[in-house]
2 protein chains.
Amino acid sequence: MSSVTKENGTKGTRMRAEDRRELILKAATQVFGDYGYFGTTTAVVARAAGVSQPYVVRVFGTKEKLFLEVLQRALDLLMHEFRAALAEESDIPLADRMGLAYVGLASNRGLLLSLMHGFVLGRDPEIGPEARKGFMCVYRFLRSEAGFDADESQRFLAGGMMINTMIGLRMTDDFDRDADVRELLHAAFPQKLDVLLALAEPPIAERNGARA
Amino acid sequence: MSSVTKENGTKGTRMRAEDRRELILKAATQVFGDYGYFGTTTAVVARAAGVSQPYVVRVFGTKEKLFLEVLQRALDLLMHEFRAALAEESDIPLADRMGLAYVGLASNRGLLLSLMHGFVLGRDPEIGPEARKGFMCVYRFLRSEAGFDADESQRFLAGGMMINTMIGLRMTDDFDRDADVRELLHAAFPQKLDVLLALAEPPIAERNGARA
DNA sequence: TAGATTGGTTATTGGTTGATTACTTAGCAC
DNA sequence: GTGCTAAGTAATCAACCAATAACCAATCTA
């Protein structure tokens, strides 16, 4: 087809490269979140973004660079939310405010999970160093800007990793089926569990692209 | 070569299928731990185990079944250690004993990380349900056998996910370079940090097999 | 409205990868 | 030793994937 009609609804009128780039980053965040770095193909990302596969590669150079940009963008959004929670006037304790901000990020599809996928690839020579840098960036924020001590910071991060794991496991899928799951999720998400349960999140693609 | 000489040292005299199978599972645990499910190829697992690639496939049927067996084996070992810590007579509080047992599992190369890679693939139609089942198995143990309440259990698991993340990130690689890393790791590993630092763990393969 | 620029596409390819098929040989029973 | 069974290997393949090359058409500008 020469007249472009994207399947994601947006008519294929031309876009400024910068906007299209952001659109691809959003799509890539979702797909990487679902299948991880190695499980994701540029073709699936392209389809999710409504562009051709070679275009994805041309805009970002390589799949690896695309993933690194996804990580960076996710971290930027995360830090933005944390700073907003820090600046906010409220009676709620800071740790709780930031916890709420963190859970809120779960509604940004794939964002926390892409980060988590990066965190478990520390062995990779390109991804590993960036992932460590990103994680430590959050830690330093907690220590110096948020005013947490080392142990508070560690516990806050542990809670975050727990949340990431619950999302990654898609534990909410068993919420109706298993009372223990309900109990665990209520403990892991003292507030805002409803937000998480509201996210049905159908798979991004029928997995016809990525490898088995 | 017709006379078999494995590169892992063990001479290639024939082995009982059961033993060879366990040997492949060990090797697969290491490789899956390093690169995750999609990032691992059966050829790399085979080389690490000192057998041919088709043999790996023939013993386990598919790569997916191999990964599921790796997860099950890891969980069995984990539960075994937890039950041992529970049975143990000691003045140390149970949670601490189990925490120590957990960190001790880090010396079993790839074991905790393979689990973590499974936990983050909850979307996969085969792996997801098994991963959730395994995670909930641990939670139920904490609740009913270890006698923890819901919140204690959740915090214990959060600590575990934090440990997994630190290992996955290979945070110890920056231990000498970054004071903040030292502080964080001391907070995350109140005891037994030395054990973690002792694990240098060279990469399992020169990554000539798995995909970029 | 000609021409340049920018935002895309189609076609293609070399290298992997999981899996299948067919073949070989070590070790045991007798 | 002879034959049977179990423990492997070598050869091969169809599918897939990231990346490259070549081309095309909107939109802006002079």
Side-chain angles (χ1 to χ4, degrees), chain A residues 1-8 10-24 27-28 31-32 35-68 126 205-212, chain B residues 1-8 10-24 27-28 31-32 35-68 126 205-212:
Chain A
M1 46 180 163
S2 84
S3 181
V4 217
T5 307
K6 308 307 178 189
E7 63 184 28
N8 64 355
T10 67
K11 275 290 180 191
T13 52
R14 280 211 181 176
M15 214 173 253
R16 282 180 17 233
E18 197 185 336
D19 296 341
R20 185 71 76 188
R21 185 187 168 87
E22 176 65 18
L23 206 145
I24 296 174
V31 182
F32 280 127
Y35 305 111
Y37 174 65
F38 291 111
T40 294
T41 71
T42 55
V44 171
V45 170
R47 196 165 327 122
V51 297
S52 66
Q53 178 263 332
Y55 191 58
V56 171
V57 174
R58 214 187 51 179
V59 171
F60 295 93
T62 64
K63 174 177 138 178
E64 190 173 65
K65 285 177 186 160
L66 169 60
F67 185 63
L68 290 174
E126 308 295 325
E206 307 74 34
R207 192 116 194 83
N208 50 351
R211 123 175 340 271
Chain B
M1 47 179 164
S2 84
S3 182
V4 216
T5 309
K6 308 305 178 189
E7 65 186 25
N8 63 353
T10 65
K11 274 292 181 190
T13 52
R14 272 196 191 191
M15 215 174 250
R16 278 173 26 224
E18 197 185 335
D19 296 340
R20 185 72 75 190
R21 185 187 169 89
E22 175 65 17
L23 205 146
I24 296 174
V31 182
F32 280 126
Y35 304 109
Y37 174 64
F38 291 111
T40 294
T41 71
T42 55
V44 171
V45 170
R47 196 166 326 120
V51 297
S52 66
Q53 179 264 336
Y55 192 58
V56 170
V57 175
R58 214 186 52 179
V59 170
F60 295 94
T62 65
K63 174 178 141 178
E64 190 174 66
K65 284 178 185 160
L66 169 60
F67 185 63
L68 289 174
E126 308 295 325
E206 306 75 38
R207 189 114 197 91
N208 50 352
R211 116 177 349 267

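Not measured: the values here are computed from a predicted model. Here is the naming used below: chain letters follow the sequence lines, and residue numbers restart at 1 for every chain.
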[X] has an atom [atom1]; how far is it from atom [atom2] of [N], in whole Å?
| X | N | atom1 | atom2 | value |
| --- | --- | --- | --- | --- |
| B:Glu18 | D:dT5 | CD | P | 21 Å |
| A:Leu23 | C:dG8 | CG | C1' | 14 Å |
| A:Met15 | C:dT6 | CE | C1' | 15 Å |
| A:Phe60 | D:dT20 | CZ | C1' | 18 Å |
| B:Lys63 | C:dT16 | NZ | P | 16 Å |
| B:Phe67 | C:dA19 | CZ | P | 14 Å |

Query raised in the report: On a plain distance test, is the side chain of A:Arg14 in donor-acceptor contact with the base of C:dG7 below 3.5 Å?
Result: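 Pair found.
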Query raised in the report: Which distance, rounded to the nearest 0.5 Å, do you find between the CD1 of A:Ile24 and the OG1 of A:Thr42?
Result: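 Between A:Ile24 CD1 and A:Thr42 OG1, I get 11.0 Å after rounding to 0.5 Å.
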Report task. Working to the nearest 0.5 Å, report the span between CZ of A:Arg21 and CG of A:Leu66. Result ->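 Rounded to the nearest 0.5 Å, the CZ-CG separation comes out at 9.0 Å.
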Would you say [N] has OP1 or OP2 under 4.0 Å from some side-chain N or O of [X]?
| X | N | value |
| --- | --- | --- |
| A:Arg20 | C:dG8 | yes |
| A:Tyr55 | C:dT9 | no |
| A:Thr42 | D:dA18 | yes |

Query raised in the report: Taking for each residue the nucleotide of DNA chain C with the nearest heavy atom, is it A:Gln53 or A:Arg58 whose nucleotide lies nearer the 5' end?
Result: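 It is A:Arg58 whose nearest nucleotide is closer to the 5' end.
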Query - Residues which pass salt bridge (charged side-chain N to carboxylate O under 4.0 Å, His left out) with A:Arg58, listed by chain and number, not counting sequence neighbours - result: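 Not a single residue meets the salt bridge (charged side-chain N to carboxylate O under 4.0 Å, His left out) criterion with A:Arg58.
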Requested in this report: Look at the side chain of B:Ser52 and decide which nucleotide, out of D:dA18, C:dG18, D:dT9, has an atom nearest to it.
Outcome: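 Of the options given, the side chain of B:Ser52 lies nearest D:dT9.
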Query raised in the report: Is the cationic atom of A:Lys63 (NZ for Lys, CZ for Arg) positioned less than 6.0 Å from the six-membered ring centroid of A:Phe32 and within 45 degrees of its normal?
Result: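 Verdict for A:Phe32: no cation-pi partner in A:Lys63.
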Query raised in the report: 5'-most contact on DNA chain D: B:Ala17 or B:Pro54, nearest heavy atom basis?
Result: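 Mapping each residue to its closest nucleotide by heavy atoms, the 5'-most match is B:Ala17.
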